[in-house]
Amino acid sequence: MALTIKKKVQNYTIDQGATFEKTIGAESSASVAVTISSGTVAGSIIKNFAYATKVVDFTTSLTGANCTFSLTATQTTALAEGKYYYSLTYTQSGGTIKERLAEGLITVEPSAEVT
């Protein structure tokens, strides 16, 4: 039986060359925290929905109701300036039931680092 996770829509800005890390808490449709540590979360960034080829995959970890997803500085350096879409999908431990945990827009800002 699915947990009926309430999908969160969050938008983020990433600076090229910076480490990116965020944590999202899983909630039921009644806005109550739910433990999701018995499954897995996978997430990636795509440029647009017409060409849904992944640009980069997030590193993810689960602790209780929290999912942390991140990109290294090397990964963000490789992202071109612009707008992207991301999603995080939770798969229950049985492997057959999947639910969208979060999705949204990511804007990559050019690096302002002076070398």
Side-chain angles (χ1 to χ4, degrees):
M1 180 176 152
L3 291 175
T4 314
I5 293 175
K6 179 170 72 174
K7 176 178 63 178
K8 294 189 175 186
V9 177
Q10 300 280 343
N11 299 324
Y12 299 104
T13 299
I14 297 175
D15 293 320
Q16 285 177 324
T19 301
F20 173 80
E21 181 176 286
K22 296 294 178 188
T23 301
I24 291 181
E27 296 179 350
S28 69
S29 56
S31 297
V32 176
V34 293
T35 298
I36 59 172
S37 58
S38 62
T40 61
V41 172
S44 59
I45 295 174
I46 61 172
K47 185 62 180 164
N48 62 51
F49 292 112
Y51 303 101
T53 303
K54 293 183 212 177
V55 175
V56 65
D57 289 321
F58 290 112
T59 298
T60 60
S61 64
L62 293 173
T63 305
N66 294 320
C67 171
T68 300
F69 58 107
S70 62
L71 297 172
T72 66
T74 301
Q75 289 173 308
T76 65
T77 298
L79 292 172
E81 174 186 0
K83 295 187 186 300
Y84 297 83
Y85 299 95
Y86 80 94
S87 65
L88 297 169
T89 301
Y90 169 67
T91 303
Q92 288 191 23
S93 59
T96 57
I97 297 175
K98 296 183 178 193
E99 297 183 76
R100 183 68 50 91
L101 177 61
E103 66 184 15
L105 180 69
I106 288 183
T107 303
V108 177
E109 297 283 334
S111 174
E113 183 176 336
V114 178
T115 57

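All values below were derived from every heavy atom in this structure, side-chain atoms included, with hydrogens, water molecules and symmetry-related copies excluded.
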Main-chain N/O of Gly104 paired to Asn11 side chain as donor or acceptor, under 3.5 Å: no
Working to the nearest 0.5 angstrom, can you tell me the gap between Thr23 OG1 and Asn66 CG? 6.0 Å
Between atom OG1 of Thr91 and atom CG of Leu101, what is the distance when rounded to the nearest 0.5 Å? 10.5 Å
So do the side chains of Gln92 and Glu99 get within less than 4.5 Å of each other, counting heavy atoms only? yes
Minimum heavy-atom separation for Cys67 to Ile36, with atom names? CB-CD1, 4.5 Å
Under 4.5 Å between any side-chain heavy atoms of Gln10 and Tyr86, yes or no? yes
Please identify each residue that fulfils salt bridge (charged side-chain N to carboxylate O under 4.0 Å, His left out) with Glu21, with sequence neighbours left out. none
Which side-chain N or O atoms in residues 38-47 pair as donor and acceptor under 3.5 Å with protein atoms at least two apart or in another chain?
from	atom 1	to	atom 2	distance (Å)
Lys47	NZ	Lys83	O	2.9

Among all residues two or more places apart in sequence or in another chain, which pass the ring-ring contact (aromatic ring centres under 6.0 Å, His included) test with Tyr84? none
Got Gln16 and Thr76 here, is their nearest side-chain heavy-atom distance under 4.5 Å? no
To the nearest 0.5 Å, tell me how far Leu79 CG sits from Phe20 CZ. 10.5 Å
Inter-residue atom distance Thr59.OG1 - Leu71.CG, 0.5 Å rounding: 7.0 Å
Kindly say whether Gln75 contributes a backbone atom to a donor-acceptor pair with the side chain of Thr72 at under 3.5 angstrom? yes
Answer yes if the side chains of Thr107 and Thr13 hold a donor-acceptor pair under 3.5 Å, and no otherwise. no
Shortest non-hydrogen separation from Lys6 to Ser28 and the atoms involved: CB-O, 3.5 Å
What distance separates Leu88 CG from Lys22 NZ, expressed to the nearest 0.5 Å? 13.0 Å
